[in-house]
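Naming convention: chains lettered A, B, ... in sequence-line order (proteins, then strands); numbering from 1 in each chain.
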Amino acid sequence: MTYTLTTPLYYVNDRAHLGSAYTTLACDAIARYRRLKGESVLFITGCDEHGQKIQRTAEAAGMSPQAHCDAISADYRALWERWQISNDRFIRTTDPRHQRIVEQFFARVEANGDITEGRQQGWYCVACEEFKDDPREAQDPECPIHRRPLEWRDEVNLFFRLSRYQDQIQALIQTPGFIAPESRRREVENFVAHGLRDFSISRVNLPWGIPVPGHQGHTFYVWFDALLGYITALLAAEDEPLLDTALARGWPASLHVIGKDILRFHAVYWPAMLLSAGLPLPAKVFGHGFLTREGQKMGKSLGNVLDPAVLLERCGTDAVRWYLLRDIPFGDDGDFQQQRFTDLVNNDLANTIGNLLNRTSSMARRWFDDGVPPGQDSTRSADSSHPLAVAATAACRTFEAALEQLDFRQAAEAALQLAIQANGYLNEQAPWSLMKREGTRDQVADDLYAVLESARIVGLLLAPLLPDLSSRMLLQLGQTPPQSLAAAAPDQPSPSSWVDQLRWGGLVPASTLPEPVPVMARLELTEDL
RNA sequence: GGCUCGGUAGCUCAGCUGGUUAGAGCGUGGGAUUCAUAACCCCAAGGUCGGGAGUUCAAGUCUCCCCCGAGCCA
């Protein structure tokens, strides 16, 4: 059973912003975690490239829509690569294979009697790509979101008979766990309770879209086409673009991670489309919150957008991942504050975790021949009752339970807590004092072994959240990172799985410890990002 | 305008079905220490729990009204 998870397919109207990076990083952590647990994972991201808005943006830039999409989607792809995102697929809705999938899907929906023709008359916002039901006044109505004039449309469109699925959708959103976080469910419930209305799935006179088969002049409405991208993305490189082939690769999705603003599309329209085509439904839709910056909405007009590429370049992947995952409750809105960002990164990663490894490794090397000290058998055994062994076991348990709930904060906190406990233990035992006395060498060996072991486990726990720092820590301990690269062969079970490695006692006494180099540099940001 | 979620120490947040002196981390101040990345460890100050009214022996925790923020629907 494959664990399929998706980011939204990002709209290529503009370049990637921090919000997309946030979503993608979170998904990456989930994907890495599930792979480490030994599950087969299909992590999907990509770009949504059709629609009038794209067409106009491209025109305004003096480009063809295709050239525009090529450029922006290449940006996305490159950005995720630099962020070390471990996605298995990158789908573009302009991929010719996507058209084939959409056609087949549409055929099923149409065969099921869910496509009707209807006249759509009203004010349209191109930025929203939506009809606005009831603009206040007829004179120069504008979109309340975009503050742009609405355009009058009067066209015959194809409609999807959403209304037929009222009961099924209502039941679906009652299913515990389908909409997450729980607090978002009510909003969707109310929307559905007002009665689902059929919605148009085609546009006329819009060349930049996928033609609707058998309906001259119609192209698919962007959302209809975009959502299906999740299915096209399932196709492996060598697969024929057949719907059934794609589905067999990993449908239904286990998780769609999206921003809270597009919950309705994913929790209502999308499941209804799938029901109509007779396909199974995704297990969970998670709507996370938005990021502000220093308390303000980020936007071009305010000139305060935080470019994820710049952020990465200046601060590194570990720092940003840590801040976003550790400090912002996944699901709630969050605020990016530079001071807090550097404080947290320096405190948690450099001072607490990095320095723990550095000081311990340094002592071990000095007094135990550049290697892991020979702790006593009882200290090294997997069922050791050493206080740090107990703490480590508890940390692992909390960590896993938290990630199962997509609670990155709690997971990060669990790893951090172990490092804090190890630092505290070190200060209590004060091996540097013990070493000045006679006959304490065994005690010191035990103490250092236990602290090094704790550091190893912290490093392992961080693997899904901060893959880079994790490997640096493990290398510093003379260990091999659990999976050296994201795309490890899925069918090949690694000799020692992550879960096995998490057991206490993995460090081999007398094995060599490399010369310690700080694994995490402090951030010294002299100017604003 | 309607709906949903949130408003708890300077900052980010915990506070389950109402019940002793409202908690944690960061930041700030002080102490201790030297193995370490001016790091680690310990201690302290800091809150009329957005505002108002009500229910109750008892409310951050329930009810109503208002204010602020975010999202959805208009």
Side-chain angles (χ1 to χ4, degrees), chain A residues 122-123 125 128 130-136 141 143-145 179 181-197 258-265 267-268 287-292 294-297 323-324 326-368 373 407 409-410 412-413 416-417 419-436 444 447-448 451-452 455 476 516-524:
Chain A
W123 293 97
C125 172
C128 297
E130 273 187 323
F131 280 93
K132 297 289 164 182
D133 283 354
D134 182 32
R136 238 147 241 294
C143 169
I145 299 168
I179 294 177
E182 186 66 22
S183 56
R184 293 252 138 75
R185 194 172 71 194
R186 194 72 65 81
E187 188 174 303
V188 181
E189 274 174 14
N190 288 348
F191 174 78
V192 175
H194 283 175
L196 294 176
R197 284 184 294 176
I258 54 169
K260 60 182 179 178
D261 55 333
I262 53 175
L263 189 55
R264 201 175 90 242
F265 289 99
V268 179
H288 73 244
F290 289 156
L291 296 178
T292 51
E294 312 292 347
Q296 282 203 304
K297 223 168 178 168
Y323 179 60
L324 295 179
R326 133 90 214 249
D327 201 42
I328 296 166
F330 195 51
D332 293 358
D333 289 346
D335 190 34
F336 188 99
Q337 297 176 345
Q338 184 162 330
Q339 186 61 52
R340 184 167 175 78
F341 169 55
T342 53
D343 282 347
L344 274 187
V345 168
N346 290 345
N347 255 292
D348 299 346
L349 299 185
N351 298 352
T352 300
I353 293 176
N355 185 49
L356 170 72
L357 180 54
N358 196 255
R359 68 196 293 215
T360 315
S361 173
S362 161
M363 284 185 275
R365 282 169 49 90
R366 180 171 307 173
W367 300 320
F368 294 93
D407 187 342
R409 271 180 112 219
Q410 209 193 340
E413 184 65 30
L416 183 63
Q417 271 312 318
I420 288 172
Q421 283 170 291
N423 269 319
Y425 182 76
L426 216 40
N427 280 53
E428 277 170 33
Q429 298 302 106
W432 50 89
S433 304
L434 285 178
M435 277 310 280
K436 291 174 185 160
V444 171
D447 292 344
L448 292 185
V451 176
L452 283 172
Q476 183 83 102
V517 177
V519 288
M520 186 72 200
R522 297 169 58 84
L523 281 178
E524 310 283 355

I'd like the [atom1] distance from [M] over to [N], given in whole Å.
{"N": "G15(B)", "M": "G23(B)", "atom1": "C1'", "answer": "7 Å"}
{"N": "A22(B)", "M": "G69(B)", "atom1": "C1'", "answer": "24 Å"}
{"N": "G25(B)", "M": "C72(B)", "atom1": "P", "answer": "37 Å"}
{"N": "A45(B)", "M": "G54(B)", "atom1": "C1'", "answer": "36 Å"}
{"N": "A58(B)", "M": "G7(B)", "atom1": "C1'", "answer": "25 Å"}
{"N": "G27(B)", "M": "U20(B)", "atom1": "C1'", "answer": "31 Å"}
{"N": "G46(B)", "M": "C41(B)", "atom1": "C1'", "answer": "22 Å"}
{"N": "C64(B)", "M": "C26(B)", "atom1": "P", "answer": "39 Å"}

Could you grab the distance from atom [atom1] of [X] to atom [atom2] of [Y], nearest 0.5 Å is fine?
{"X": "Asn358(A)", "Y": "Met363(A)", "atom1": "CG", "atom2": "CE", "result": "10.0 Å"}
{"X": "Asp348(A)", "Y": "Met520(A)", "atom1": "CG", "atom2": "CE", "result": "10.0 Å"}
{"X": "Phe336(A)", "Y": "Asp327(A)", "atom1": "CZ", "atom2": "CG", "result": "10.5 Å"}

Just jot down the side chain to side chain donor-acceptor pair (under 3.5 Å) partners of [X], sequence neighbours excluded, or say none.
{"X": "Gln296(A)", "answer": "none"}
{"X": "Asn427(A)", "answer": "Arg359(A)"}
{"X": "Gln417(A)", "answer": "Glu413(A)"}
{"X": "Asp407(A)", "answer": "none"}

Next item on the list: Using the closest heavy atom to pick a nucleotide of RNA chain B for each, name whichever of Gln417(A) or Asp261(A) lands nearer the 5' end.
Entry: Gln417(A)

Please name all residues satisfying side chain to side chain contact (heavy atoms under 4.5 Å, CB included) with [X], sequence neighbours left out, ordered by chain then number.
{"X": "Ile328(A)", "value": "Tyr22(A), Leu291(A), Leu324(A)"}
{"X": "Gln338(A)", "value": "Glu294(A), Leu525(A), Asp528(A), Leu529(A)"}
{"X": "Pro181(A)", "value": "Ser183(A), Arg184(A), Phe286(A)"}
{"X": "Ala521(A)", "value": "none"}

Checklist line | N or O in side chain of Lys297(A) less than 4.0 angstrom from G71(B) OP1/OP2 | finding: yes

Output the rounded distance in Å from [atom1] ([X]) to [atom2] ([N]).
{"X": "Arg186(A)", "N": "G2(B)", "atom1": "CZ", "atom2": "P", "answer": "18 Å"}
{"X": "Phe341(A)", "N": "C26(B)", "atom1": "CZ", "atom2": "C1'", "answer": "15 Å"}
{"X": "Lys260(A)", "N": "C3(B)", "atom1": "NZ", "atom2": "C1'", "answer": "14 Å"}
{"X": "Ile258(A)", "N": "G71(B)", "atom1": "CD1", "atom2": "P", "answer": "15 Å"}
{"X": "Phe290(A)", "N": "A70(B)", "atom1": "CZ", "atom2": "C1'", "answer": "9 Å"}
{"X": "Arg184(A)", "N": "C3(B)", "atom1": "CZ", "atom2": "P", "answer": "19 Å"}

Item checked: Under 4.0 Å protein heavy-atom contact, by nucleotide of nucleotides 29-45 of chain B - B base, S sugar-phosphate only -> ----SSBBB-SBS----

Item checked: Sequence-aligned protein contact record of nucleotides 8-14 of chain B, with B where the base is within under 4.0 Å of a protein heavy atom and S where only the sugar-phosphate is -> ---BBS-

Notebook entry, point to check: Is there any salt bridge (charged side-chain N to carboxylate O under 4.0 Å, His left out) pair reaching into residues 328-339 of chain A, and which pairs are they, with sequence neighbours excluded?
Noted result: Lys260(A)-Asp333(A)

Check: For G46(B), is chi within 90° of 0 (syn) or not (anti)?
Finding: syn

Next item on the list: Counting Watson-Crick and G-U wobble pairs whose two distances are both under 3.5 Å, find the runs of 3 or more in a row that involve RNA chain B.
Entry: B:1-7 with B:67-73, B:10-13 with B:23-26, B:28-31 with B:41-44, B:50-54 with B:62-66

